[in-house]
Asker: 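So that we are looking at the same thing, I have put the structure below in structure tokens.
Residue numbering restarts at 1 for every chain, and letters A, B, ... go by the order of the sequence lines. We use all heavy atoms of the structure for the numbers below, so side chains are in, but hydrogens, waters and symmetry mates are not.
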Protein chains: 2
Amino acid sequence: MPTIYDVAEACGVAPSTVSRAFSRPGRVNADTAARIRRVAEEMGYRANPLARALPTGKTSLLALVVSDVTNPFYFEIIRGAELAATEADYTLLVADVHESATAERTALERALPLVEGVVLGTSRMSDSTIRVMAKQRPTVVLNRVLTGIPSVITDNARGTRRAVEHLAELGHRSLAYVAGPEASWADGMRWRAMRETAEELSLRVHRVGPYAPTLTGGTEAALAVAGSPATAVVAYNDLVAIGLMRGLAAAGVRVPRDVSVVGFDDIFGAELCSPALTTVAAPLQSLGRFAVQTLLSGMRSRTPPDARAALLPAQLVVRESTARRSSRRRGA
Amino acid sequence: MPTIYDVAEACGVAPSTVSRAFSRPGRVNADTAARIRRVAEEMGYRANPLARALPTGKTSLLALVVSDVTNPFYFEIIRGAELAATEADYTLLVADVHESATAERTALERALPLVEGVVLGTSRMSDSTIRVMAKQRPTVVLNRVLTGIPSVITDNARGTRRAVEHLAELGHRSLAYVAGPEASWADGMRWRAMRETAEELSLRVHRVGPYAPTLTGGTEAALAVAGSPATAVVAYNDLVAIGLMRGLAAAGVRVPRDVSVVGFDDIFGAELCSPALTTVAAPLQSLGRFAVQTLLSGMRSRTPPDARAALLPAQLVVRESTARRSSRRRGA
DNA sequence: CACCGGATGGCAATCGGTTGCCATGACTTG
DNA sequence: CAAGTCATGGCAACCGATTGCCATCCGGTG
């Protein structure tokens with residue numbers, strides 16, 4: 001690989017001139033610069049990003065840490081982040097920490113000195129640990145609010161409200177919420193919004209769980225749901241909702257005839273399952289894209305970034321898993 | 001961030017000694033080394049990976065290039081690759097090229113000088129371009145065979161054979177193959193193996209397509225399949241198979257009662273859809289893991305790596321989309 | 001006692017760009 | 001014509017680690 005020294009020699013100029021021909025347009029005589037560029041092109045010269053990064057600290061790398069790459073929730077988030085990064089001439093480094101806080105720390109310690117900024121998707125680390133990390137590199141957190149650190153989240157409250165209203169319009173008066181992990185910030189938001197909206201609309205609502213945020217978790221919840229008086233269920237997320245529907249089917253409860261089910265996120269698969277899932281769609285790609293854009297703008301401005309949480313709108317997508325409450329009630 | 005110079009000063013030794021205390025155990029007096037480590041620990045010293053990489057070329061970074069991160073086919077591949085990389089103390093850089101050969105070149109040009117090796121997942125580039133890239137950095141290709149370059153592929157021939165045998169056992173005598181992109185190496189393998197096996201078992205088989213390797217592509221294929229005499233279909237991959245099932249359902253053809261459907265890969269979602277898809281499961285996580293391991297072993301040995309393709313076994317997973325051929329035939 | 005080899009630590013070059021500062025020369029201006 | 005300004009290019013330090021080579025000191029040996 002040729003270096004600026006090789007190019008400089010071939011052109012009969014100093015290495016610094018070659019460097020400036022690329023990084024400081026105008027600082028070098030136009031003809032000289034053109035000649036250097038031509039020769040560099042011919043020699044196949046490419047700047048070594050490592051060498052450039054060493055003195056300047058500019059690696060053009062961003063990290064996106066996800067709790068589990070195989071979780072379909074992240075697919076579009078990763079894509080959105082990737083797009084925004086590429087647009088800004090950055091490369092995205094995706095780190096998968098397979099749901100382990102320890103792995104997350106290790107991955108971050110390894111990646112931090114390499115990257116210029118970090119997006120934490122659903123971090124498993126404690127608030128204080130995150131704050132420590134955020135001191136070292138510009139950081140944006142996804143799906144979580146952390147005062148003092150820029151966050152990007154979905155408007156869970158509004159989304160939940162829309163889901164409950166939808167169920168109310170279909171005639172349901174008794175609802176259930178299948179809870180996800182207690183530690184989940186989103187779980188808290190959803191449950192709270194659900195209770196509030198239910199109260200406003202004079203619906204009864206109760207909560208079962210917590211369950212693991214997986215297909216299996218949902219299947220396990222089927223028993224509790226089947227035994228409840230609820231005619232409609234809101235699940236912590238789509239995976240749980242799909243698992244729940246399978247569990248209900250196995251128990252002889254038909255969806256949406258006997259029970260309506262609503263999920264969250266609109267992941268890949270929500271449309272595939274049968275019946276297709278009604279869900280509160282998170283703007284996944286926008287989430288990833290916006291997180292990176294927020295990160296970049298924070299990196300550019302000297303001033304500490306506006307650390308309020310950005311709220312991206314959710315949208316209720318009605319499919320087949322919700323229906324008018326049937327006249328023949330079930331349960332108590 | 002403290003550097004070896006800071007640690008050296010604090011210990012009253014030369015920077016080189018600090019460096020050796022970490023990288024050359026035994027080269028430094030045991031007591032001195034222990035003291036240096038302790039002081040370094042107290043100061044929170046961490047080696048700067050960039051500075052290390054500059055003279056040595058060791059970045060501890062590997063690249064995995066995927067044609068589309070949102071394709072569920074890659075989820076487990078990425079995870080497997082990530083695991084193998086982490087085990088070997090490497091960090092994986094995932095680049096998404098959203099199905100564009102141009103984006104793929106750009107991504108590679110950007111990433112190549114940074115990484116020590118590359119895994120190309122379903123590359124969209126031409127053989128010759130890949131060979132040029134492979135000259136610059138150790139490379140392994142996934143799902144494609146390229147003489148002279150180590151490859152890791154699924155045993156498509158055997159897998160296809162198993163699928164066809166399965167259908168034959170269920171009494172099907174007339175099969176169809178829904179083809180994927182012509183440029184796809186796997187498509188060629190699958191279709192050839194299908195024809196051969198069908199011949200051996202004296203089955204009739206014909207081919208429709210090509211179609212895009214997506215849900216939509218599959219849905220579009222439904223018409224051609226419904227109009228054919230086939231009672232069983234093998235689709236290019238799971239996405240096509242699922243799309244096909246939906247298209248058939250819309251056309252009033254019931255799966256598996258009227259037509260049996262088999263897919264390829266066993267992606268996330270194959271089990272979710274209804275009916276659950278019978279499919280030739282690729283060992284996705286192993287594929288990713290094995291590719292990285294092959295890459296690493298190639299990087300370690302001086303000798304050019306054994307460039308034969310590694311064939312990983314596929315497995316037929318029978319679910320609900322295949323059934324005994326019904327007595328009342330359909331079509332011609 | 002002279003010599004030798006191993007253990008230990010330091011010096012300084014190196015990786016490949018970047019950049020502050022200075023030198024030179026041309027041109028402008030009073 | 002002297003002084004000042006601007007354009008242009010080179011010198012050399014620097015980022016932070018790695019490493020070949022040399023210096024020193026030790027004990028052991030003939």
Side-chain angles (χ1 to χ4, degrees), chain A residues 1-37 39-41 43-61 89 109-116 136-137, chain B residues 1-37 39-41 43-61 89 109-116 136-137:
Chain A
M1 286 258 107
T3 71
I4 48 167
Y5 295 89
D6 302 323
V7 177
E9 195 176 3
C11 288
V13 299
S16 50
T17 305
V18 177
S19 171
R20 282 195 274 254
F22 288 106
S23 50
R24 293 291 152 89
R27 180 64 175 75
V28 178
N29 180 291
D31 295 345
T32 316
R35 186 162 49 93
I36 292 175
R37 302 186 110 94
V39 172
E41 171 75 19
M43 299 176 68
Y45 165 76
R46 321 241 62 146
N48 179 332
L50 258 63
R52 196 207 307 276
L54 189 49
T56 61
K58 180 149 181 35
T59 58
S60 293
L61 245 35
D89 237 26
E109 290 201 343
R110 170 188 276 287
L112 268 185
L114 225 47
V115 304
E116 292 179 48
Q136 304 190 41
R137 287 284 184 282
Chain B
M1 286 259 106
T3 70
I4 48 167
Y5 295 90
D6 302 322
V7 177
E9 195 176 2
C11 289
V13 299
S16 49
T17 306
V18 176
S19 171
R20 283 194 274 253
F22 288 106
S23 50
R24 294 290 151 91
R27 179 66 174 72
V28 178
N29 180 290
D31 295 344
T32 316
R35 186 162 49 93
I36 291 176
R37 301 184 109 95
V39 173
E41 171 74 21
M43 299 176 68
Y45 165 77
R46 323 240 60 146
N48 179 331
L50 260 63
R52 194 206 308 275
L54 188 49
T56 61
K58 178 145 182 37
T59 59
S60 293
L61 244 36
D89 236 25
E109 289 201 343
R110 171 187 275 287
L112 268 184
L114 224 48
V115 303
E116 292 180 48
Q136 304 191 41
R137 287 285 183 282

Asker: Check whether any side-chain nitrogen or oxygen of B/N48 sits under 4.0 Å from OP1 or OP2 of D/dA17, and answer yes or no.
Answerer: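 No.
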Asker: Quick check on DNA chain C: between B/A33 and A/A47, whose nearest nucleotide comes earlier from the 5' end?
Answerer: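 Upstream on the strand: B/A33.
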Asker: Considering only heavy atoms from C-beta outward, does the side chain of B/N48 approach that of B/T3 to under 4.5 Å?
Answerer: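 Answer no - side chains too far apart.
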Asker: In whole angstrom, what separates B/M1's CE from D/dC15's P?
Answerer: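 After rounding, the gap between these two atoms is 16 Å.
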Asker: Take the protein atom CZ of A/R52 and the nucleotide atom C1' of C/dT18, then report the distance between them rounded to whole Å.
Answerer: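 That distance rounds to 9 Å.
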Asker: Just call it for B/S16: base, sugar-phosphate, or nothing, with non-hydrogen atoms closer than 4.0 Å on any strand.
Answerer: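 It contacts base atoms.
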Asker: Could you tell me if the ring centre of B/Y45 sits under 6.0 Å from that of B/F22?
Answerer: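 Yes, ring centres under 6.0 Å apart.
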Asker: Over how many whole Å does the gap from A/K58 atom NZ to C/dG17 atom P extend?
Answerer: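 One finds 16 Å between P of C/dG17 and NZ of A/K58, rounded.
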Asker: For A/V13 and A/Y5, take the nucleotide of DNA chain D holding the closest heavy atom to each; which residue's nucleotide lies nearer the 5' end?
Answerer: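 Whichever sits nearer the 5' end wins; that is A/V13.
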Asker: Can you find a donor-acceptor pair, distance only, under 3.5 Å between B/R46 side chain and D/dG16 base?
Answerer: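 A donor-acceptor contact between them is absent.
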Asker: Please report the interatomic distance SG(A/C11) to CG(A/D6), rounded to the nearest 0.5 Å.
Answerer: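 A/C11 atom SG to A/D6 atom CG measures 11.0 Å (nearest 0.5 Å).
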Asker: Need one value for A/V18: base, sugar-phosphate or nothing, where a base atom within 4.0 Å counts as base even if backbone is also close, heavy atoms only.
Answerer: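 No contact.
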Asker: Evaluate the side-chain proximity of A/R110 to B/P49: yes if any heavy-atom separation is below 4.5 Å, no if none is.
Answerer: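 The answer is no; the side chains never approach within 4.5 Å.
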Asker: When you match B/R24 and B/L50 each to their closest nucleotide on DNA chain D, which lands nearer the 5' end?
Answerer: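 Mapping each residue to its closest nucleotide by heavy atoms, the 5'-most match is B/L50.
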Asker: Here's a test of your reading of the structure: between B/A51 and B/G12, which maps to the more 5' nucleotide of DNA chain C?
Answerer: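 This one resolves to B/G12.
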Asker: Take the protein atom CZ of A/R35 and the nucleotide atom C1' of D/dG9, then report the distance between them rounded to whole Å.
Answerer: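 Taking atom C1' of D/dG9 as the reference, CZ of A/R35 is at 12 Å.
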Asker: Over all strands shown, is B/T56 touching base, sugar-phosphate only, or nothing at heavy-atom distances under 4.0 angstrom?
Answerer: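 Sugar-phosphate contact only.
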Asker: Can you check the B/L54 CG to C/dG17 C1' distance for me, whole Å?
Answerer: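 Going from CG in B/L54 over to C1' in C/dG17 covers 8 Å.
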Asker: Does some side-chain heavy atom of B/R52 sit less than 4.5 Å from a side-chain heavy atom of B/T59?
Answerer: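 With C-beta onward as the side chain, the pair stays apart.
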Asker: Round to the nearest Å and state the distance from A/I36 atom CD1 to C/dG17 atom P.
Answerer: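 Interatomic distance, CD1 of A/I36 to P of C/dG17: 13 Å.
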Asker: Under 3.5 Å, is there an N or O donor on one side and an acceptor on the other linking the side chain of A/R20 and the base of D/dG10?
Answerer: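 Indeed there is one.
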Asker: Quick one: which of C/dG9, C/dT18, D/dG16 gets closest to the side chain of B/T3?
Answerer: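 Ranking C/dG9, C/dT18, D/dG16 by closest atom to the B/T3 side chain puts D/dG16 first.
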Asker: Classify the nucleic acid contact of B/Y45 as base, sugar-phosphate or nothing, counting any heavy atom under 4.0 Å across all strands shown.
Answerer: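 Since only primed, P, OP1 and OP2 atoms lie under 4.0 Å of B/Y45, the category is sugar-phosphate.
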Asker: Return no unless some side-chain N or O of B/T32 is found under 4.0 Å from OP1 or OP2 of C/dT8.
Answerer: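 For C/dT8, neither OP1 nor OP2 has a side-chain N or O of B/T32 closer than 4.0 Å.
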Asker: Would you call A/E109 and B/R46 a salt bridge, using N to O less than 4.0 angstrom?
Answerer: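 A salt bridge links A/E109 with B/R46.
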Asker: Looking across every strand, which nucleic acid part, if any, lies under 4.0 Å from A/S19 by heavy atom: base, sugar-phosphate, or nothing?
Answerer: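 Base contact.
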Asker: Is a donor-acceptor pair below 3.5 Å formed from side chain B/R27 to base D/dG20, judging by atom type as modelled?
Answerer: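 No.
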